[in-house]
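Reckoned from all heavy atoms, side chains included, excluding hydrogens, waters and symmetry mates.
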Number of protein chains: 2
Amino acid sequence: MTGKGRVTIREVAERAGVSIATASRALSGNHPVPVATRSRVLRAARELDYVANAHARALVGAGRKMVAVVVRQVTSPFYAQVAEGVEAEAADRGWLCVVGATGGDPQREMEFVQLMREEGARLVILVGGVVEDDAYRSRVAHYAQALDASGARLVLCGRPAPDPEIPALVVEFDNEAGSRAVTGHLLSAGHRRIVFLGGLPGNTALDARVAGYRAALAEHGVPAGDARVVDCGLGRGAGLRAMGELLKETREFTAVVAGDDMVAAGALRAIAEAGLRVPEDVSVVGYNDIPLAEDFNPPLTTVRTPAEELGRAAVRIALRDAEGGGGGRHLLGTHIVVRGSVAAPGGS
Amino acid sequence: MTGKGRVTIREVAERAGVSIATASRALSGNHPVPVATRSRVLRAARELDYVANAHARALVGAGRKMVAVVVRQVTSPFYAQVAEGVEAEAADRGWLCVVGATGGDPQREMEFVQLMREEGARLVILVGGVVEDDAYRSRVAHYAQALDASGARLVLCGRPAPDPEIPALVVEFDNEAGSRAVTGHLLSAGHRRIVFLGGLPGNTALDARVAGYRAALAEHGVPAGDARVVDCGLGRGAGLRAMGELLKETREFTAVVAGDDMVAAGALRAIAEAGLRVPEDVSVVGYNDIPLAEDFNPPLTTVRTPAEELGRAAVRIALRDAEGGGGGRHLLGTHIVVRGSVAAPGGS
DNA sequence: CTGCCGACTGAAAACGTTTTAACTTCCCCT
DNA sequence: AGGGGAAGTTAAAACGTTTTCAGTCGGCAG
């Protein structure tokens, strides 16, 4: 039953009584072949359960249609949605999608990009905010230049291009606008003492959200000195810990803007553990509107960032501009989703 | 700046003043090469920013170290965790991991497996319960036979092998035991009228959980007639809808066993919307212990299925048994995680 | 009848690497 | 001094496709 190795096109050709060249043409459809010959070849291929060797094909042809998406971790709901968007858009076009996880380690990111170069990926999408230091800039410059040299494209989602001249495309959400809007929502409800929980200095995405938060405060006439940013970074654990500590230190605030929904999840938990109620005692808003945000306790008011659409857009724009080469920056809009975690300040 | 095509090993060899063969050996390290020559080649490669062409390498060599993991959707927290486990274990060994999403469509599953055969994946992991009909059996038999013929391995996670003779490895959780345990937990708390929400007849994973549920009832002397299984399938939306309808029809139950945590999330929401409290009026348990289960309202008592470990185990076992060929079935254990969604029946 | 064009086909080159087999050197042993 | 390796190196074959180039054949216009 199991022929030793894989069936090759040679055996198909033999069985169909044609040359390798004709078999190839019939199978790949690159060149017209009389229908009789063609069906004979196809039947032979079916009978032998022939599958073409993608490596051989990629070696001689124009390479393989493959897109790579690189995220910190697949289990983050936001990244998962982005990856799903990329996967879906790629599948729609018959492209293969590879996802890599770095765990936030630049070393693994470099290894993975290297691997993708070897594999001949034509599109590499790096997702997620990052601290923009010199190491980052030179790393990305190298990716962009190297990928460009072999005709591939680099897309940065939620992280900046180190230099506008660099052949990388940037597709991201307008973090500052989203954060300004949701902070404005709290301010409009009457809050004045609002904490931003989850800053990550140097991380461009979080810095933009902090900037939006400060801008909203300024717009509503809150003194800049009343702003308070807790730089605890992202993740549920970080939010839980930082919120717990903050509550031990002070209760001089009525609302919390979380860096993202996972931080908000931790914060909600910490607030409950401290014996306070949301939203009666403290209002909380998140960022990203992950799928389970409406199952939090209470359901979370947050900013909807259509993550899947971000992934799709990255692929779509990169492939559309494929000829254009070069860079460019595309901003995607966001909007507030109002649920039960916000009330007017001043108790029940 | 952009040299036209990719740098090949020929140019590296030329610059280092050696033959292609020597360059290849120095770079791949398959054959000892004097340190002087070796460093000369490596330097040339570094200077030219050479990356090997994985296609050419795979074409002549033993193929590429690549594992493919196929799930319904990446955004399901459970599948994401499994995929992360596979990715991590693969990365640890320097293998490439490709994830495919089928959306539950057998057609897309077949296409993806076909693609993986073309790409030369050496390990294909199919994840997730499935209805075991004739179409499924013949599909999987074909995968197994075809992959085996080209020296690749097939692993089934949470779905059955159609035939013990078939060269496929099964790695899964003991769904029946887990479900029996968590249902037993409710029974021990005093519940007698317990609904199973989220059956999916024909789906082997869910059927096993239903069987565990019934077994637990029988063990505790609850008449079989008091069992009630709502076949609404999985997903938050399904749970929300089905629970809402059930509550309109009857309130003759004190506890709910959900098919998985997402169904539980929907159920919790529906119960709250009906004006009931969890756990005072209704107790709820889930399945899988997804990362956000403790942020539900209330925190969810559920069965912890170490999903990442499932992914890791699939890779580990498959690679360890690589020589052994053939099949085999491995069961992974689970345990209950007690949180706040269960109380004794009979109101606050 | 001759010449030409088009449709179809096949032999062979090419893709970039690894590996085999053969060829040098050079050293050591007798 | 001659022979036997070992160590280092290289030319060439091989991997499975696609594509180019050249060929064969039949038909049709002149």
Side-chain angles (χ1 to χ4, degrees), chain A residues 3-42 44-45 48-65 114-115 117-120 122 149-151, chain B residues 3-42 44-45 48-65 114-115 117-120 122 149-151:
Chain A
K4 206 66 244 282
R6 274 168 72 156
V7 174
T8 75
I9 201 175
R10 160 168 282 108
E11 306 169 50
V12 174
E14 213 163 275
R15 172 179 263 253
V18 297
S19 74
I20 296 180
T22 304
S24 169
R25 286 194 266 256
L27 289 165
S28 68
N30 286 342
H31 189 79
V33 141
V35 59
T37 317
R38 181 177 151 77
S39 69
R40 203 147 31 94
V41 172
L42 291 184
L48 294 174
D49 194 22
Y50 165 78
V51 289
N53 182 322
H55 298 303
R57 183 171 279 175
L59 191 53
V60 54
R64 173 192 20 206
K65 292 171 174 173
Q114 166 89 4
L115 191 59
R117 285 217 282 154
E118 293 184 0
E119 297 290 336
R122 295 235 284 272
S150 50
Chain B
K4 206 66 243 285
R6 273 169 72 155
V7 175
T8 77
I9 201 175
R10 159 168 282 107
E11 306 169 50
V12 174
E14 214 161 276
R15 172 179 265 253
V18 298
S19 74
I20 296 180
T22 304
S24 168
R25 287 199 262 259
L27 290 165
S28 66
N30 286 342
H31 190 79
V33 141
V35 58
T37 316
R38 183 178 150 77
S39 69
R40 203 146 33 95
V41 172
L42 291 185
L48 294 173
D49 194 21
Y50 165 78
V51 289
N53 182 324
H55 299 303
R57 184 172 277 175
L59 189 54
V60 54
R64 177 191 17 207
K65 291 172 175 173
Q114 166 89 5
L115 191 59
R117 285 219 281 154
E118 293 184 359
E119 297 290 337
R122 294 236 284 273
S150 49

Any residue meeting side-chain contact (heavy atoms from CB on, under 4.5 Å) with [X], in chain and number order, not counting sequence neighbours:
X	answer
A/L42	A/L27, A/R38
B/E11	B/V7, B/T8, B/L48
B/S19	B/A21, B/T22

Neighbours of DNA chain C within residues 13-21 of chain B, by heavy-atom distance under 4.0 Å: B/I20, B/A21

Close residues, residues 28-38 of chain B, relative to DNA chain D [heavy-atom separation under 4.0 Å]: B/P34, B/T37

First of B/L59 and B/R40 reached from the 5' end of DNA chain D, by closest nucleotide: B/R40

Considering non-hydrogen atoms only, spot the tightest contact between [X] and [Y] and give its length.
X	Y	answer
B/R40	B/G17	NH1-O, 4.3 Å
A/V51	B/E118	CB-CG, 4.2 Å
B/V12	B/A45	CG1-N, 3.9 Å
A/A52	A/R6	O-NH2, 3.2 Å

DNA chain D: 5'-most and 3'-most nucleotides touching chain A, 4.0 angstrom heavy-atom criterion: D/dG16 to D/dT20

From A/R117 atom CZ to B/Y50 atom OH, the distance as rounded to the nearest 0.5 Å: 11.0 Å

Touch class at under 4.0 angstrom, heavy-atom based, for B/T8 against every strand present: sugar-phosphate

Sugar-phosphate only, base, or nothing, as touched by B/A52 at under 4.0 Å among non-hydrogen atoms: sugar-phosphate

Side chains of B/V18 and B/R25 in contact at under 4.5 Å (non-hydrogen atoms): no

